[in-house]
> 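Structure below; questions to follow.
This structure is a prediction, so every number in the text was calculated from the model and none was measured.
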Amino acid sequence: MYWSGNNNQIYKAFVELLDEGFVTKEVQHQDGSPSKNIYTITGDGQQEFKSWLLSVTDVPVFKKQVLIKLALANQLKRGDLETMLASYADRVKM
């Protein structure tokens with residue numbers, strides 16, 4: 001696993017993303033079941049996500065951040081992916 005968060009951590013993160021304007025929230029009411037919260041990424045959220053993917057990756061000791069980025073790298077164009085990987089390779093060499 002890349003990260004083993006619990007529900008409290010996940011929903012706290014959603015609240016922070018909502019406060020930052022990176023997601024929207026829609027409450028979907030269901031008959032006979034609890035209501036669902038549907039979170040949708042905004043344009044600003046997509047840009048922030050891409051910026052994070054392209055940012056300098058932490059030293060690999062902490063939570064295997066590079067594995068998360070690789071798992072989500074299909075969001076990047078090939079050139080951006082190559083830039084991210086080159087940046088990580090430089091960081092590891094240091």
Side-chain angles (χ1 to χ4, degrees):
M1 296 296 292
Y2 308 119
W3 176 64
S4 58
N6 61 40
N7 283 348
N8 291 338
Q9 290 172 311
I10 292 168
Y11 284 103
K12 181 181 177 198
F14 274 130
V15 169
E16 291 173 13
L17 291 169
L18 190 61
D19 288 345
E20 294 285 334
F22 296 143
V23 297
T24 60
K25 174 182 163 183
E26 175 188 345
V27 178
Q28 187 178 68
H29 299 287
Q30 305 180 109
D31 292 332
S33 296
S35 296
K36 278 186 184 180
N37 293 324
I38 308 296
Y39 294 89
T40 304
I41 192 166
T42 63
D44 287 345
Q46 290 173 339
Q47 185 60 41
E48 183 67 19
F49 176 64
K50 182 178 178 184
S51 293
W52 176 79
L53 281 175
L54 296 172
S55 69
V56 174
T57 301
D58 292 342
V59 177
V61 175
F62 301 105
K63 298 185 184 179
K64 297 179 178 71
Q65 189 181 53
V66 71
L67 295 178
I68 297 169
K69 288 185 174 188
L70 289 173
L72 300 169
N74 65 327
Q75 302 293 316
L76 297 174
K77 294 180 180 165
R78 183 181 179 101
D80 289 336
L81 174 59
E82 289 171 354
T83 299
M84 181 192 74
L85 291 173
S87 171
Y88 179 69
D90 290 343
R91 180 85 169 168
V92 171
K93 287 177 188 174
M94 294 169 66

> Can you measure from CG (L72) to CG (L67) and round to the nearest 0.5 angstrom?
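It is 11.0 Å, given to the nearest 0.5 Å.
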
> Using residues 44-55 as the side-chain source, report each donor-acceptor pair under 3.5 Å to any protein atom, sequence neighbours left out, with the distance given to one decimal.
unit_1: K50; atom_1: NZ; unit_2: D80; atom_2: OD2; d: 3.3
unit_1: S51; atom_1: OG; unit_2: Q47; atom_2: O; d: 3.1
unit_1: S55; atom_1: OG; unit_2: W52; atom_2: O; d: 2.7
unit_1: S55; atom_1: OG; unit_2: K69; atom_2: NZ; d: 3.3

> Between side-chain atoms of residues 27-41 and protein atoms elsewhere (two or more places apart, or another chain), which donor-acceptor pairs fall under 3.5 Å?
unit_1: H29; atom_1: ND1; unit_2: S35; atom_2: OG; d: 2.9
unit_1: Q30; atom_1: NE2; unit_2: P34; atom_2: O; d: 2.7

> Same hydrophobic cluster for I10 and V23, using side-chain heavy-atom links shorter than 4.5 Å among ILVMFWY?
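Hydrophobic grouping puts I10 with V23.
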
> In terms of hydrophobic clustering (I, L, V, M, F, W, Y; side-chain heavy atoms under 4.5 Å; direct or indirect links), are V92 and V66 co-clustered?
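As far as the 4.5 Å side-chain criterion goes, V66 and V92 are connected within one cluster.
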
> Is any side-chain heavy atom of L18 closer than 4.5 Å to a side-chain heavy atom of F14?
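No, side chains not in contact.
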
> Counting N and O atoms only, with roles assigned by atom type, does the side chain of S87 sit under 3.5 Å from a partner on the main chain of T83, one being a donor and the other an acceptor?
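Flag not set: sc S87 to bb T83 has no pair under 3.5 Å.
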
> Could you name each residue pair satisfying salt bridge (Lys or Arg N to Asp or Glu O under 4.0 Å) that touches residues 70-79, not counting sequence neighbours?
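Output for this query lists R78-E82.
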
> Using every non-hydrogen atom in the two residues, find where G21 and T42 come nearest and quote the distance to one decimal.
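Heavy-atom minimum between the residues: O-OG1, 2.8 Å.
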
> Once you round to the nearest 0.5 Å, how far does OG1 of T57 lie from CZ of R91?
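It is 8.5 Å, given to the nearest 0.5 Å.
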
> What distance separates M84 CE from L70 CG, expressed to the nearest 0.5 Å?
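CG of L70 is found 4.5 Å from CE of M84.
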
